[in-house]
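A single structure is presented below for examination.
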Amino acid sequence: MSLQIFNTLTRTKEVFTPLEDNKVKMYVCGMTVYDYCHLGHARVLVSFDVIVRFLRSQGYDVTYVRNITDIDDKILNRANENGESFTALTERFIDAMHEDEERLSVKKPDLEPKATAHIVEIISMIQQLIDNGFAYAAENGDVYYSVDKFPTYGQLSKKNPEELLAGARIDVADAKKDPRDFALWKSAKSGEVSWDSPWGEGRPGWHIECSAMSTCCLGDTFDIHGGGPDLPFPHHENEIAQSEGATGKKYVNYWMHAGAIRVNKEKMSKSLGNFFTIRDVLERYPAEVVRYFLVSSHYRSQVDYSEESLKEAQSALSRLYTSLRDVDVAATSEAEPALAEEYRNRFQKAMNDDFNTPVALAVMFDLVKELNRAKANGDDYVSSLAILLRELGEVLGVLQLDAEEFLKSSGGFSGDAISESDIDALIVDRINARAAKDWAESDRIRDYLKDEGVILDDRKEGTVWRRG
RNA sequence: GGCGCGAUAGCAAAGCGGUUAUGCACUGGAUUGCAAAUCCACGUAGGCCGGUUCGACUCCGGCUCGCGCCUCCA
């Protein structure tokens, strides 16, 4: 039962064999920080977070690098529009991104290199490419990669170099020898931020920073490189050309790409303007519900973002948390029943199959049923099943809150939600009414609370409530 | 136009050549003052047309439709 990963390079699931036994070196393309992160970014963030969590749970020693691209055209344009320095802009959005990922329970990568902190490595890689005959400096101070010199160009995106020639963008301002060539170094226009280089003042092109930073952090060859659905071409294709041109070695063994988030069957994207920022969505749904929504489909599939999907995620998560309610999840003395191992194995098997989180969740729901039965029967292994459920949830980054806390907070996002003290007071009133068998009053209170989004649950031990 | 991906029950979403996915919703039962939650029972779904096979949702071919990349985008 070994781990299999779908490799974009071969378009097949392959058995995962790390370069070094038990170690995983992984690089994921992070944000270009000129705006707030949207749900598409959240999907990449959460998907690779789950992947790292699972790998670590399996005993792998993972080095996870996720870069920040903090210098590029869009950043400069935006800073210009805002009349602020580009560093002020990028710092603001880096902070915002960190807030977003923390709220989504995304664990920090081990390294988070920034392009502007790696200009030296970028320049030296460009120089290496020139020395190796893969790049050329143009008259105007730009440096270009000569696509024609890299015979396997197109291997990742399965593009034919000849056909790319026909569709390549032709920009009159640049000095390319071939329209497919792309900029490694862009000469500075007057007044623009720039760094000194052998080719004059300038700044790195898009693509080269990832080659430089990944190689710098992880070595010439590493195990996994990931990113969003729009990155295989041209970004990752260009990274391969750059890194392999510079080092002469294979760049990456396994390429992984997340699927797109869609809105009304269309890809959510900046250019279409149909995106929801993470913070937009977090104003309307608890962070864990958003995370559950992301994890409930396979990372490679396209998913539609909709109100219904989020509501469904909320219901599903409620079922999970309800099963954990009133169970002592700190009791460690209980012996785990034999059947627990079966769930653990099924979960592991699902995740080993290219990180199949929907199946992993199905296993968790089966475990919930088992747990609920055990609770009803008063079995002596209730706690150990609940602990197992949370243990599995931790790999997906869910179920780590106190069940009571989650269930009492999950709907309360409108500022005018009824307070806990008011709820408790009404419940006391209702208990009195019920004691007097005043069912009309009892039901009136319950209906009132229901309108306030509070659902009551009368149990032998007393009345409990949740927001739904 | 080129390259690639997908089409599963009311909705969402998986595995699998023959035996229950799972969640939400629905129906019946248990439970409850009535509910809620929970448990039990219940769903012959797999775009269309052919082929392979004893047997296909699952493999092969064709078709239709949808989506992604080919330009900045996660």
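Only this structure's heavy atoms are used, side chains among them; waters, hydrogens and symmetry mates stay out. Lettering of chains follows the sequences in order, A, B, ..., and the numbering in each one begins at 1.
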Handout entry: Ionic contact status for A:D458 with A:R430, cut-off 4.0 Å
Key =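 Counted as a salt bridge, because a side-chain N and a carboxylate O are separated by less than 4.0 Å.
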
Handout entry: Gap between atoms CZ and C1', on A:F365 and B:rA21 respectively (whole Å)
Key =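 After rounding, the reported distance stands at 13 Å.
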
Handout entry: Same-atom distance (C1') from B:rA12 to B:rA45, integer angstrom
Key =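 It works out to 14 Å between them.
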
Exercise for the section: Please measure how far the P atom in B:rC63 lies from the corresponding atom in B:rG4, and state the result in whole Å. Expected result: 15 Å

Exercise for the section: Could you check which nucleotide pairs with B:rC48 in any of the strands shown, counting Watson-Crick or G-U wobble with both distances under 3.5 Å? Expected result: B:rG62

Exercise for the section: State which of B:rA37, B:rA74, B:rG23 makes the closest approach to the side chain of A:A316. Expected result: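 Out of B:rA37, B:rA74, B:rG23, the nucleotide with an atom closest to A:A316's side chain is B:rG23.
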
Handout entry: Donor-acceptor pair under 3.5 Å, A:R446 side chain vs B:rC34 base
Key = yes

Practice task
Just call it for A:K159: base, sugar-phosphate, or nothing, with non-hydrogen atoms closer than 4.0 Å on any strand.
Solution key: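 Base, at least one base heavy atom under 4.0 Å.
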
Exercise for the section: Only one of A:F86, A:Y36, A:Y34 passes ring-ring contact (aromatic ring centres under 6.0 Å, His included) with A:F93; say which it is. Expected result: A:Y36

Exercise for the section: Would you mind reading off the distance between A:D72 atom CG and B:rC72 atom C1', rounded to a whole angstrom? Expected result: 9 Å

Exercise for the section: May I ask you to verify if any side-chain N or O of A:R11 is less than 4.0 angstrom from the OP1 or OP2 atom of B:rG4? Expected result: no

Handout entry: B:rG46 to B:rU71 separation - C1' atoms, rounded to the nearest Å
Key =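 Pairwise C1' distance, B:rG46 against B:rU71, rounds to 38 Å.
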
Exercise for the section: Using a heavy-atom cut-off of under 4.0 Å over every strand shown, decide if A:D73 touches base, sugar-phosphate, or nothing. Expected result: nothing

Exercise for the section: On the 0 to 90° scale, with breaks at 30° and 60°, tag the A:H257-A:W255 ring pair as parallel, tilted or perpendicular. Expected result: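 Aromatic pair A:H257/A:W255 classed parallel.
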
Problem - Gap in Å between the two P atoms, one belonging to B:rC24 and one to B:rC48, rounded - result: 29 Å

Practice task
May I ask you to verify if any side-chain N or O of A:K375 is less than 4.0 angstrom from the OP1 or OP2 atom of B:rA37?
Solution key: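 Looking at the OP1 and OP2 atoms of B:rA37, neither is under 4.0 Å from any side-chain N or O of A:K375.
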
Handout entry: Residue A:W206, side-chain heavy atoms: nucleotide from B:rC73, B:rA74, B:rG33 that is nearest
Key =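 Nucleotide nearest to A:W206's side chain: B:rC73.
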
Practice task
Check whether any side-chain heavy atom of A:R467 lies under 4.5 Å from a side-chain heavy atom of A:L407, and answer yes or no.
Solution key: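 Counting from C-beta outward, A:R467 and A:L407 never come under 4.5 Å.
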
Problem - A:K311 side chain near B:rC24 phosphate (N/O to OP1/OP2, under 4.0 Å) - result: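 A:K311 to B:rC24 OP1/OP2: no side-chain N or O under 4.0 Å.
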
Problem - Interatomic distance where CH2 belongs to A:W255 and P belongs to B:rC69 [whole Å] - result: 18 Å

Handout entry: Any strand: nucleotide that pairs with B:rC67 via Watson-Crick or wobble, under 3.5 Å
Key = B:rG4

Fill in the blank from the handout: For B:rU31, the nucleotide meeting Watson-Crick or G-U wobble distances (both under 3.5 Å) is none

Practice task
Only one of A:R66, A:R291, A:R279 passes salt bridge (Lys or Arg N to Asp or Glu O under 4.0 Å) with A:E101; say which it is.
Solution key: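 Between A:E101 and the candidates, salt bridge (Lys or Arg N to Asp or Glu O under 4.0 Å) is satisfied uniquely by A:R66.
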
Problem - A:F293 and A:Y305 aromatic ring geometry - parallel, tilted or perpendicular at 30°/60° bounds - result: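 Rings of A:Y305 and A:F293: perpendicular, over 60°.
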
Practice task
Taking the six-membered ring for Trp and the full ring for Phe, Tyr or His, determine whether the centres of A:Y251 and A:F222 are under 6.0 Å apart.
Solution key: yes

Exercise for the section: Sticking with atom P, work out how far B:rC65 lies from B:rC73, rounded to a whole angstrom. Expected result: 32 Å

Handout entry: Base B:rC34 to side chain A:D458, donor-acceptor N/O within 3.5 Å cut-off
Key =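 Result: at least one qualifying N/O pair found.
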
Practice task
Check every strand shown and say whether A:I261 touches a base, only sugar-phosphate, or nothing at a heavy-atom separation below 4.0 Å.
Solution key: base

Problem - A:R344 and A:E341 ion-paired at < 4.0 Å - result: yes

Practice task
Could you tell me whether A:G259 contacts a base, only the sugar-phosphate backbone, or nothing, with contacts defined as non-hydrogen atoms closer than 4.0 Å?
Solution key: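 A:G259: base contact, heavy atoms under 4.0 Å.
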
Fill in the blank from the handout: Atom NE2 of A:H235 and atom P of B:rC72 are separated, to the nearest Å, by 12 Å

Practice task
Report the relative orientation of the aromatic rings in A:F48 and A:Y299; use parallel for angles under 30°, tilted for 30 to 60°, perpendicular for over 60°.
Solution key: tilted

Exercise for the section: Pick base, sugar-phosphate or nothing for A:M268, based on heavy-atom distances below 4.0 Å to the nucleic acid. Expected result: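 Base: the residue A:M268, judged by heavy atoms under 4.0 Å, touches a nucleobase.
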
Problem - For B:rA9, the Watson-Crick or wobble counterpart (both distances under 3.5 Å) - result: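 Base-paired to nothing in any strand shown.
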
Problem - For atom NZ of A:K158 and atom P of B:rG1, their distance in whole Å - result: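 Interatomic distance, NZ of A:K158 to P of B:rG1: 23 Å.
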
Practice task
Just call it for A:R66: base, sugar-phosphate, or nothing, with non-hydrogen atoms closer than 4.0 Å on any strand.
Solution key: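 Nothing: the residue A:R66, judged by heavy atoms under 4.0 Å, touches no strand.
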
Practice task
Have a look at A:I455 and say if it touches a base, only the backbone sugar-phosphate, or nothing, with a 4.0 Å heavy-atom cut-off.
Solution key: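 Sugar-phosphate only.
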
Problem - Touch class at under 4.0 angstrom, heavy-atom based, for A:R325 against every strand present - result: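 No contact.
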
Problem - B:rU20 versus B:rC57 - spacing of their C1' atoms, nearest Å - result: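 Looking at atom C1' only, B:rU20 and B:rC57 are 16 Å apart.
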
Handout entry: Same-atom distance (P) from B:rA41 to B:rA21, integer angstrom
Key =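 Nearest-Å result for B:rA41 against B:rA21 at atom P: 14 Å.
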
Practice task
Check every strand shown and say whether A:A260 touches a base, only sugar-phosphate, or nothing at a heavy-atom separation below 4.0 Å.
Solution key: base

Practice task
Using the six-membered ring wherever Trp is involved, compare the ring planes of A:H38 and A:F275 and label them parallel, tilted or perpendicular (cut-offs 30° and 60°).
Solution key: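 It falls in the tilted class, 30° to 60°.
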
Exercise for the section: Search all heavy atoms of A:F182 against all heavy atoms of A:H207 and return the closest pair with its distance. Expected result: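 It is CD1-CD2, 3.9 Å.
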
Exercise for the section: Would you indicate which nucleotide in B:rG23, B:rG33, B:rA74 comes nearest to any side-chain atom of A:S442? Expected result: B:rG33

Problem - side-chain N/O A:W439 vs B:rA35 OP1/OP2, d < 4.0 Å - result: no

Practice task
Answer with base, sugar-phosphate or nothing: what part of the nucleic acid does A:R466 contact at a heavy-atom distance below 4.0 Å?
Solution key: sugar-phosphate

Problem - Nearest-nucleotide pick for A:L231, side chain only, options being B:rA74, B:rU22, B:rC73 - result: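 Shortest atom-to-atom distance from the side chain points to B:rA74.
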
Exercise for the section: Considering only NZ, NE, NH1 and NH2 on the basic side and carboxylate oxygens on the acidic side, decide whether A:K74 and A:D35 come within less than 4.0 Å. Expected result: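 Looking at A:K74 and A:D35, the cut-off is not met.
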
Practice task
Once you apply the 3.5 Å cut-off to both distances, tell me the Watson-Crick or G-U wobble partner of B:rA37, or none.
Solution key: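 No nucleotide pairs with B:rA37.
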
Problem - Pairing nucleotide - B:rG18, Watson-Crick or G-U, each distance under 3.5 Å - result: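 Pair assignment: B:rG18 / B:rC54.
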
Problem - A:K450 and A:D443 ion-paired at < 4.0 Å - result: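 Judged by the 4.0 Å cut-off on N to carboxylate O distance, A:K450 and A:D443 do not form a salt bridge.
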
Exercise for the section: Could you check A:V106, A:V44, A:V295 and say which one makes a side-chain contact (heavy atoms from CB on, under 4.5 Å) with A:D49? Expected result: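 For A:D49, the side-chain contact (heavy atoms from CB on, under 4.5 Å) test succeeds with only one of A:V106, A:V44, A:V295, which is A:V106.
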
Handout entry: Complementary nucleotide of B:rC72, counting Watson-Crick and G-U pairs under 3.5 Å
Key = none

Handout entry: Rounded distance (Å) that lies between atom C1' of B:rC73 and atom NE2 of A:H38
Key =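 Computing the A:H38:NE2 to B:rC73:C1' distance gives 8 Å.
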
Practice task
For B:rU44 and B:rC49, measure between their C1' atoms and round to the nearest Å.
Solution key: 23 Å

Completion exercise
Per-nt protein contacts along nucleotides 6-15 of chain B (heavy atom under 4.0 Å; B base, S backbone sugar-phosphate only, - none) come out as -----BSSSS

What does the list of N/O pairs under 3.5 Å between the protein and nucleotides 38-40 of chain B look like, with a distance for each?
{"from": "B:rU38", "atom 1": "OP1", "to": "A:R319", "atom 2": "NH1", "distance (Å)": "3.2"}
{"from": "B:rU38", "atom 1": "O3'", "to": "A:N372", "atom 2": "ND2", "distance (Å)": "3.0"}
{"from": "B:rC39", "atom 1": "OP1", "to": "A:R319", "atom 2": "NH2", "distance (Å)": "3.4"}
{"from": "B:rC39", "atom 1": "OP1", "to": "A:N372", "atom 2": "ND2", "distance (Å)": "3.2"}
{"from": "B:rC39", "atom 1": "OP2", "to": "A:R319", "atom 2": "NH1", "distance (Å)": "3.4"}
{"from": "B:rC40", "atom 1": "OP1", "to": "A:R373", "atom 2": "NE", "distance (Å)": "2.8"}
{"from": "B:rC40", "atom 1": "OP1", "to": "A:R373", "atom 2": "NH2", "distance (Å)": "2.9"}

Practice task
Please determine, for the side chain of A:S271, which listed nucleotide (B:rG23, B:rC67, B:rC72) has the closest atom?
Solution key: B:rC72

Problem - Side-chain donor/acceptor contact of A:D230 with base of B:rG68 under 3.5 Å - result: no

